[in-house]
Amino acid sequence: MPLVRIDVVEGRDPVALRRLADVVQEVLEEVFAAPPRDRYQVIDEHPARNVILQDTGLGFERTDDRVLVQVFQQGRTAEQKKALYARLADRLEADCGVAPTDLVVSVAANSREDWSFGLGRAQFLEGDL
């Protein structure tokens with residue numbers, strides 16, 4: 001179950017923000033085989049001056065539509081991660097109008113002991129999941 005943080009420049013309407021989150025979830029279900037009810041997302045909006053996403057020397061310009069997607073996950077391969085990057089770029093452009101040059105994605109690994117879903121329990125470790 002991925003935990004996703006989506007950071008954007010403020011100004012999108014709530015419907016557009018929800019669509020952005022929905023597309024990210026759909027891609028996670030498709031590429032990472034995330035179960036539909038394993039949806040953990042946080043969307044943060046920031047003033048443009050607080051979303052600094054340079055191009056690492058790749059030569060493209062970002063706009064105020066820039067988006068940072070951080071995915072914390074368990075056990076995905078390099079090929080799955082590459083597929084995620086490509087599919088997110090395609091879908092977010094087609095469904096949300098986010099240019100591929102405005103998208104930055106970071107995937108980080110965690111493990112089963114890094115999760116508690118409530119009640120102060122480690123459900124994976126205690127056999128609940």
Side-chain angles (χ1 to χ4, degrees):
M1 79 269 335
L3 167 64
V4 177
R5 298 201 47 108
I6 302 169
D7 291 274
V8 299
V9 172
E10 62 192 3
R12 286 181 169 87
D13 69 72
V15 172
L17 286 173
R18 181 56 189 237
R19 184 65 191 137
L20 187 77
D22 289 346
V23 168
V24 170
Q25 180 65 22
E26 290 165 11
V27 171
L28 287 171
E29 290 174 16
E30 174 187 337
V31 176
F32 277 9
R37 297 261 323 152
D38 280 356
R39 185 172 181 170
Y40 298 90
Q41 296 177 316
V42 178
I43 302 170
D44 283 322
E45 297 179 85
H46 309 276
R49 69 181 179 277
N50 292 347
V51 182
I52 302 167
L53 302 174
Q54 293 183 326
D55 71 345
T56 313
L58 295 171
F60 41 79
E61 297 293 323
R62 301 200 197 276
T63 71
D64 281 346
D65 288 334
R66 57 194 177 271
V67 176
L68 172 64
V69 177
Q70 298 176 324
V71 181
F72 302 90
Q73 53 73 45
Q74 299 174 28
R76 281 13 183 251
T77 66
E79 290 305 312
Q80 287 174 303
K81 292 173 187 178
K82 287 170 47 179
L84 176 76
Y85 306 145
R87 190 69 176 134
L88 279 174
D90 290 344
R91 286 287 311 279
L92 289 174
E93 182 177 33
D95 295 6
C96 302
V98 175
T101 54
D102 277 333
L103 177 63
V104 176
V105 181
S106 175
V107 177
N110 60 33
S111 59
R112 297 170 71 82
E113 65 263 17
D114 296 323
W115 288 90
S116 171
F117 295 97
L119 303 174
R121 296 175 48 85
Q123 286 85 356
F124 280 132
L125 300 179
E126 297 175 28
D128 299 332
L129 291 173

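Residues forming a salt bridge (Lys or Arg N to Asp or Glu O under 4.0 Å) with Asp128 (at least two apart in sequence, or on another chain): Arg121. Among residues two or more places apart in sequence or in another chain, the salt bridge (Lys or Arg N to Asp or Glu O under 4.0 Å) test is passed with Glu30 by Arg87. Not a single side-chain hydrogen bond (donor to acceptor under 3.5 Å, both in side chains) links Ser106 to another residue, sequence neighbours left out. Scored by the side-chain hydrogen bond (donor to acceptor under 3.5 Å, both in side chains) test, Arg19 finds Glu26, Asp95 as partners (sequence neighbours excluded). For Asp114, the side-chain hydrogen bond (donor to acceptor under 3.5 Å, both in side chains) test picks out Ser111, with sequence neighbours left out. Contacts of Leu125 classified as side chain to side chain contact (heavy atoms under 4.5 Å, CB included), with partners at least two apart in sequence or in another chain: Glu113, Ala122. Residues passing the side-chain hydrogen bond (donor to acceptor under 3.5 Å, both in side chains) test with Asp102 are Thr63, sequence neighbours excluded. Qualifying salt bridge (Lys or Arg N to Asp or Glu O under 4.0 Å) partners for Arg112, counting only residues two or more places apart in sequence or in other chains: none.
Across all their heavy atoms, Glu29 and Ala34 have their closest contact at CG-O, 3.1 Å. Heavy-atom minimum distance, Arg62 versus Asp55: NH2-CA, 3.9 Å. Arg66 and Arg12 get closest at one heavy-atom pair: O-NH1, 4.2 Å. Taking each heavy atom of Arg39 and Gln41 in turn, the nearest pair found is NE-OE1, 2.7 Å.
Connectivity analysis of hydrophobic side chains (ILVMFWY, heavy atoms under 4.5 Å, direct or indirect) links Val51 to Val9, Leu53, Leu68, Val104. The hydrophobic cluster around Val67 extends to Val4, Ile6, Val8, Leu17, Leu20, Val23, Val24, Val27, Leu28, Val31, Phe32, Ile43, Val69, Val71, Leu84, Tyr85, Leu88, Leu92, Val98, Leu103, Val105, Val107, counting ILVMFWY residues whose side-chain heavy atoms fall within less than 4.5 Å of a member.
Other residues, nucleotides and ligands contribute only 12 or fewer heavy atoms inside 6.0 Å of the CD atom of Glu61.
Residues in residues 10-29 take part in no ring pair (Phe, Tyr, Trp, His ring centres under 6.0 Å) pair, two or more places apart or across chains. For the ring pair (Phe, Tyr, Trp, His ring centres under 6.0 Å) condition, the pairs that include at least one residue of residues 35-57, sequence neighbours left out, are Tyr40-Phe117.
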